[in-house]
Amino acid sequence: MPIATVNPANGETLRRFEALDDAGIEQRLDAAATAYGQYRTTGFTERARLLNQAAGLLDEDQQDIARTMTIEMGKPVKAARAEAAKCAKAMRWYAAHAEELLADQHPSPADVADSGASRAYVHYRPLGPVLAVMPWNFPLWQVVRFAAPALMAGNVGLLKHASNVPQTAMYLEGLFRRAGFPAGCFQSLLVGSGAVEAILRDRRVAAATLTGSEPAGRSVASIAGDEVKHTVLELGGSDPYLVMRSADVARAARTAVTARVQNNGQSCIAAKRFIVHTEVYEEFAERFTVGMSHLTVGDPMQESTDVGPLASEQGRTDLEELVDDAVRQGARALCGGGRPDGLAPELERGWFYAPTVLTGITPAMRIHHEETFGPVASLYRVDGLDEAVALANDSPFGLSSNVWTRDADEARRCVRDLEAGGVFFNGMTASHPALPFGGVKRSGYGRELAGQGIRAFCNATTVWYGPEPVGH
Ligand code: NAP
């Protein structure tokens, strides 16, 4: 895949980049190792100062970086601005909380007395240079939610960003440098995915985090396993959205539209399978379909646009094949089902797809098991909660889940039984710096954000003192 900015709204190649050669990669790995030797000894106050500085610069740059993201991957510019604001917020959150999240943990003296300790505790230290292999769909946020905690913990970052967002990748490197982070603390490696194996195997790289597709995750995890290096994987999702009979159906349907089409439908935590109790099914289906068909599809640079193009031509082809396979086997489109009509002439070569609601889905169809990365919703009818939960769990993925109910017993059963990294009631899944984020099953392992996210790239070091006192 070429490293290039190609505008998804019209297919035009705007800028190409040369991939780093072996010498360039070597120079950057060396810079990371050198920077780590110094940076690891800085204190939380200094790291927080730098990260707060980065947050301030990002706020100043919001308009420009939002336009860059939109041109590179097609998200509506208003969503791109919101993404930049969210990144600044996460940076400030980690700047404020890292010290407390990584404070030494002291077991009670009585608990460790039989180990012979006069004192023992756990101390969190950084691991070293961490390789982050990141996707294009939230090109700032995915990186910042790794970089903010990793840098606050004293690690340094090496970013291999998706090949279609090179300008956003270079912006991030520049942002951390302008904020005052020493050279080598955060670098973007403009390389294709073929270069990842050698970088990951390099002895200077301590660990890796990957957000992306299942095949990419499997490849990185197996190489890291071979090298016995720690990984965090955030992979695909096909989140269920349960609407039970006690739900506020109007709100559930309104929120469902946003939950499905956020980021042009290309979000791992977008709700993708809508599982609705038969008693409220007709009302939900009607409201949801009307909401989906009234969205404004078009130029993502326009403030009024709700849904822009898919990020790549291949992404649209993949989505078309999933929908076509379902329709061939008997699924029915309540709205959409193909490319949208009525686009402005300058957008005709863009990779647009109409917001779509499909019913009549069966397990024989690919769409039942695979992730739909675009504005396509699968709608199912069920007779009760047991059937809803069984259907929700009938997926290789387990990222998050959404449940609309006012019944406390149903809520309790969902928390107990849904196979997912999150259960969001009467709302839609969203990430937040103070809440851990991640999945189970084929959605990956490990957690980002919150305390779990910062400890993920730490060496939890046991410190044990015998009866002999150390230092006076
Ligand atoms: P992708 O093709 O897996 O790409 C993600 C990153 O991995 C890119 O930097 C890509 O580089 C690299 N890559 C691809 N194949 C690789 C390999 N074999 N070895 C090493 N690196 C490799 O995924 P995508 O299409 O960009 O993103 C969509 C997927 O990401 C969806 O499945 C989505 O659900 C998932 N996602 C998950 C989360 C989460 O938090 N769980 C968040 C966002 C997205 P190139 O660009 O150079 O190919």
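Along the sequence shown, residues carry numbers from 1. Both counts, for ligands and for their atoms, begin at 1 and track the order of listing.
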Item to complete: Using a strict cut-off of 4.0 Å, indicate which atoms of ligand 1 neighbour a heavy atom of Ser219.
Response: 18 (N), 19 (N)
Worksheet item: Between Ala162 and ligand 1, which part of the residue brings a heavy atom under 4.0 Å of the ligand: side chain, backbone, both or neither?
Response: both
Practice prompt. Select one of side chain, backbone, both or neither to describe which atoms of Thr211 lie under 4.0 Å from any atom of ligand 1, heavy atoms only.
Written response: both
Fill in: Atom pair CZ/CG of Phe274 and Leu358 - distance to nearest 0.5 Å
11.5 Å
Worksheet item: Is it true that Arg381 and Glu387 make a salt bridge, defined as a side-chain N closer than 4.0 Å to a carboxylate O?
Response: no
Fill in: Phe437 to ligand 1, any heavy atom closer than 4.0 Å
yes
Worksheet entry | Modelled atom types, side-chain donor and acceptor of Asp394 and His368, under 3.5 Å | yes
Fill in: Among Arg442, Lys160, Glu371, closest by any non-hydrogen atom to atom 32 (O) of ligand 1
Glu371
Fill in: Full working for side-chain contact (heavy atoms from CB on, under 4.5 Å) between Thr429 and Leu399
CA-CA 10 Å; Thr429 299; Leu399 194 50; over 6 Å; no
Discussion item. Under a 3.5 Å threshold, yes or no: a donor from one side chain and an acceptor from the other, between Thr68 and Gln167?
Written reply: no
Practice prompt. Tell me which part of Asn137 gets within contact of ligand 1: side chain, backbone, both or neither, using heavy atoms under 4.0 Å.
Written response: side chain
Worksheet item: So is Glu448 polar-close to ligand 1, meaning N/O to N/O under 3.5 Å?
Response: no
Practice prompt. Verify the distance criterion only: is there a donor paired with an acceptor across the side chains of Ser431 and Trp141 at less than 3.5 Å?
Written response: yes
Worksheet item: Can you find an N/O atom of Ser213 closer than 3.5 Å to an N/O atom of ligand 1?
Response: yes
Discussion item. Show the atoms of ligand 1 that are less than 4.0 angstrom away from any heavy atom in Val220.
Written reply: 20 (C)
Discussion item. As a check for students: among Ala169, Pro135, Ser193, identify the option with a heavy atom nearest to atom 13 (N) of ligand 1.
Written reply: Ser193
Worksheet item: How are the rings of Trp404 and Tyr241 set to each other: parallel, tilted or perpendicular (split at 30° and 60°)?
Response: tilted
Worksheet item: Can you find a protein heavy atom closer to atom 25 (O) of ligand 1 than 4.0 Å?
Response: yes
Practice prompt. Flag Phe373 as yes when one of its N or O atoms lies below 3.5 Å from any N or O atom of ligand 1, and as no otherwise.
Written response: no
Fill in: Contact check: Gly212 vs ligand 1, nitrogen or oxygen atoms, below 3.5 angstrom
yes
Fill in: Per-atom contacts, ligand 1 versus Val196 - under 4.0 Å to a heavy atom
20 (C), 21 (N)
Discussion item. Rounded at 0.5 Å granularity, tell me how far CZ in Arg273 sits from OG in Ser378.
Written reply: 8.5 Å
Worksheet entry | N/O separation below 3.5 Å, Lys272 to ligand 1 | no
Discussion item. For His161 and Tyr171, I'd like to know if the aromatic rings sit close, meaning centre-to-centre distance below 6.0 Å.
Written reply: no
Worksheet item: Do ligand 1 and Ser163 have nitrogen or oxygen atoms that lie under 3.5 Å from each other?
Response: yes
Worksheet item: Do we see a donor-acceptor contact under 3.5 Å between the side chains of Gln142 and Arg145?
Response: yes
Worksheet item: Of Phe186, Phe176, Tyr36, which meets ring pair (Phe, Tyr, Trp, His ring centres under 6.0 Å) against Phe181?
Response: Phe176
Item to complete: From atom 36 (N) of ligand 1, work out which of Cys268, Ala19, Ser443 has a heavy atom at the shortest distance.
Response: Cys268
Worksheet item: With no hydrogens and no angle check, do the side chains of Ser238 and Arg442 hold a donor and an acceptor under 3.5 Å apart?
Response: no
Worksheet, complete the sentence: Within the 4.0 Å heavy-atom cut-off, what Gln142 brings close to ligand 1 is side chain
Practice prompt. Please work out which of Leu233, Leu235, Ile223, Val191 has its closest non-hydrogen atom nearest to atom 41 (N) of ligand 1.
Written response: Leu235
Worksheet item: N/O of Asn164 under 3.5 Å from N/O of ligand 1, yes or no?
Response: no
